[in-house]
Engineer: 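The following block contains the structure, expressed as structure tokens.
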Amino acid sequence: MKIISVAIDGPSGAGKSTIARAAARELGFTYVDTGAMYRALGLAASERGVDMEDGEALSGLLAGLGMKIEYIDGVQHIFIDGRDVSDDIRKPEISMAASKVSARPQVRQALVALQRDMAKRQSVVMDGRDICMHVLPDADVKIYLTASVDDRAERRVAQLKEMGTEVSFEEVRADIEKRDYDDMHRETSPLCQAPDAHLIDTTGFTLEQGMDAVISYIKEKAHVL
Ligand code: DC
């Protein structure tokens with residue numbers, strides 16, 4: 001069977017992971033959350049006091065981390081040194097750490113190699129910031145998923161609340177704006193819409209509407225199912 005790659009990029013909180021995960025399940029593909037890899041490294045760097053501006057130190061840390069991705073009941077889990085950090089990496093302070101470590105070219109090089117390797121071996125729905133332009137430039141389907149800053153902040157507040165973390169809307173909004181700016185202005189692989197990526201703006205959409213829009217586009221484009 002032909003191996004198919006679906007690449008989804010977009011800013012923080014656009015619903016990428018929830019939608020990409022649902023799409024992967026529907027299509028029988030593997031979901032690869034690349035943000036989790038940057039988050040796991042950000043978590044390790046903050047726990048071990050490694051300078052997040054120091055690319056060499058970060059790539060040394062990454063090389064010794066034994067970062068592993070496993071699928072348990074179809075859900076992606078990420079491990080560092082044998083410890084499942086899938087929940088810890090979702091903490092708000094780790095979002096900023098992930099953004100910082102992701103700006104270092106040495107880090108990106110190592111993680112992109114891992115991501116390409118995963119897509120070579122199986123059909124994937126992979127989400128991130130640089131998937132369409134850099135990680136999988138030959139992907140069968142490319143989508144840029146976005147929504148207004150207010151919508152994204154509202155969704156993030158609700159998501160964190162569900163996980164038992166109370167945060168203010170203003171705080172989350174400011175955090176999202178800062179991360180958008182940093183992700184779009186970094187030197188290596190900044191976030192932008194690839195010229196050949198299909199734009200899906202989910203502002204005002206329910207989650208189901210966002211999922212429908214993405215899944216039907218993938219099916220139409222990849223001629224699957
Ligand atoms: O999607 P996320 O919020 O889990 O991503 C965390 C950080 O990692 C985000 O600030 C940008 C970075 N990232 C990246 O630079 N490239 C990717 N492919 C995925 C995430």
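Whatever order the structure lists ligands and atoms in, that order sets their numbers, starting from 1.
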Engineer: Tell me the contacting part of S102 for ligand 1: side chain, backbone, both, or neither, using a 4.0 Å heavy-atom threshold, strictly below.
Structural biologist: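 For S102, the contact with ligand 1 is made by the side chain alone.
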Engineer: Start with the C-alpha gap between R104 and E56, add the side-chain angles, then the distance that decides, and say whether salt bridge (charged side-chain N to carboxylate O under 4.0 Å, His left out) holds.
Structural biologist: CA-CA 9 Å; R104 307 272 60 94; E56 290 302 322; over 6 Å; no
Engineer: Within a distance under 4.0 Å of any heavy atom of S99, pick out the atoms of ligand 1 and give their elements.
Structural biologist: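 So the answer, numbered in order with elements, is 10 (O).
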Engineer: Please list the nearest protein heavy atom to atom 19 (C) of ligand 1 with its residue and the distance rounded to 0.1 Å.
Structural biologist: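 Heavy-atom neighbour on the protein nearest atom 19 (C) of ligand 1: T34 OG1, 3.3 Å.
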Engineer: Can you find a pair of side-chain heavy atoms, one from Y38 and one from S95, that are under 4.5 Å apart?
Structural biologist: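 The answer is no; the side chains never approach within 4.5 Å.
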Engineer: Looking only at distances, please establish whether an N/O atom of ligand 1 is found under 3.5 Å from an N/O atom of S95.
Structural biologist: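 N/O-N/O distance below 3.5 Å does not exist for this pair.
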Engineer: Sequence neighbours excluded, which residues qualify as side-chain hydrogen bond (donor to acceptor under 3.5 Å, both in side chains) partners of E177?
Structural biologist: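 Testing E177 for side-chain hydrogen bond (donor to acceptor under 3.5 Å, both in side chains), a comparison that skips the adjacent residues, returns R173.
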Engineer: So, do E154 and F169 sit near enough that their side-chain heavy atoms are less than 4.5 Å apart?
Structural biologist: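 Touching, per the 4.5 Å side-chain cut-off.
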Engineer: Compute the minimum heavy-atom distance from M37 to ligand 1 and say whether it is under 4.0 Å.
Structural biologist: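 Contact check M37 vs ligand 1: negative.
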Engineer: Could you tell me whether R129 approaches ligand 1 through its side chain, its backbone, both or neither, with non-hydrogen atoms closer than 4.0 Å?
Structural biologist: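 For R129, the contact with ligand 1 is made by both the backbone and the side chain.
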Engineer: Checking a contact table here: which protein heavy atom is nearest atom 8 (O) of ligand 1, and how many Å away?
Structural biologist: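 Checked against all protein heavy atoms, atom 8 (O) of ligand 1 sits closest to Y38 CB, 3.6 Å.
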Engineer: Measure the shortest side-chain to side-chain distance between P190 and H185 over non-hydrogen atoms and say whether it is less than 4.5 angstrom.
Structural biologist: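 Answer no - side chains too far apart.
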Engineer: Side chain or backbone of K100 under 4.0 Å from ligand 1, or both, or neither, by non-hydrogen atoms?
Structural biologist: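 Neither part.
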Engineer: For A98, counting its heavy atoms only, list the atoms of ligand 1 lying under 4.0 Å from any of them.
Structural biologist: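 Answer, ordered by atom number: 6 (C), 7 (C).
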Engineer: Before accepting this row, confirm whether a basic side-chain N of the pair D182/R186 lies closer than 4.0 Å to the acidic partner's carboxylate O.
Structural biologist: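 Judged by the 4.0 Å cut-off on N to carboxylate O distance, D182 and R186 do not form a salt bridge.
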Engineer: Suppose we screen for salt bridge (charged side-chain N to carboxylate O under 4.0 Å, His left out). Which residues come up paired with D51, at least two apart in sequence or across chains?
Structural biologist: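 Here no residue qualifies.
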Engineer: Would you say ligand 1 has an N or O under 3.5 Å from any N or O of S12?
Structural biologist: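 No: no nitrogen or oxygen of S12 is under 3.5 Å from one in ligand 1.
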Engineer: Check whether L145 and L27 end up in the same hydrophobic cluster, where Ile, Leu, Val, Met, Phe, Trp and Tyr are linked by side-chain heavy atoms less than 4.5 Å apart.
Structural biologist: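 Yes, it is one cluster - the side chains of L145 and L27 are joined through contacts under 4.5 Å.
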Engineer: Is Q115 touching ligand 1 with its side chain, its backbone, both, or neither, if touching means heavy atoms under 4.0 Å apart?
Structural biologist: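 Within the 4.0 Å criterion, Q115 makes no contact with ligand 1.
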Engineer: Note the single closest protein heavy atom to atom 11 (C) of ligand 1, along with its residue, its atom name and the distance in Å.
Structural biologist: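 Protein heavy atom at minimum distance: D183 OD2, 3.5 Å.
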Engineer: With atoms numbered from 1 as shown, which atoms in ligand 1 lie under 4.0 angstrom from a non-hydrogen atom of G35?
Structural biologist: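 Counting from 1, the qualifying ligand atoms are 4 (O), 5 (O), 19 (C), 20 (C).
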Engineer: Near G128, which atoms of ligand 1 are under 4.0 Å from a heavy atom of that residue?
Structural biologist: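 Per the distance check, 17 (C), 18 (N), 19 (C).
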Engineer: Between D175 and R156, is the closest basic N to carboxylate O distance under 4.0 Å?
Structural biologist: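 Here R156 does not pair with D175 in a salt bridge, since their nearest N and O are not under 4.0 Å apart.
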Engineer: I'd like to know if D88 pairs up with K91 as an ion pair, taking the criterion as any Lys NZ or Arg NE/NH1/NH2 lying under 4.0 Å from an Asp or Glu carboxylate oxygen.
Structural biologist: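 Yes, this pair counts.
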Engineer: To check your reading of the model: name the closest protein heavy atom to atom 3 (O) of ligand 1, its residue, and the distance in Å.
Structural biologist: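 For atom 3 (O) of ligand 1, the nearest protein heavy atom comes out as R39 NH2, 3.0 Å.
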Engineer: Return the closest protein heavy atom for atom 16 (N) of ligand 1 as residue, atom name and distance.
Structural biologist: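 Its nearest protein heavy-atom neighbour is R108 NH2, 3.0 Å.
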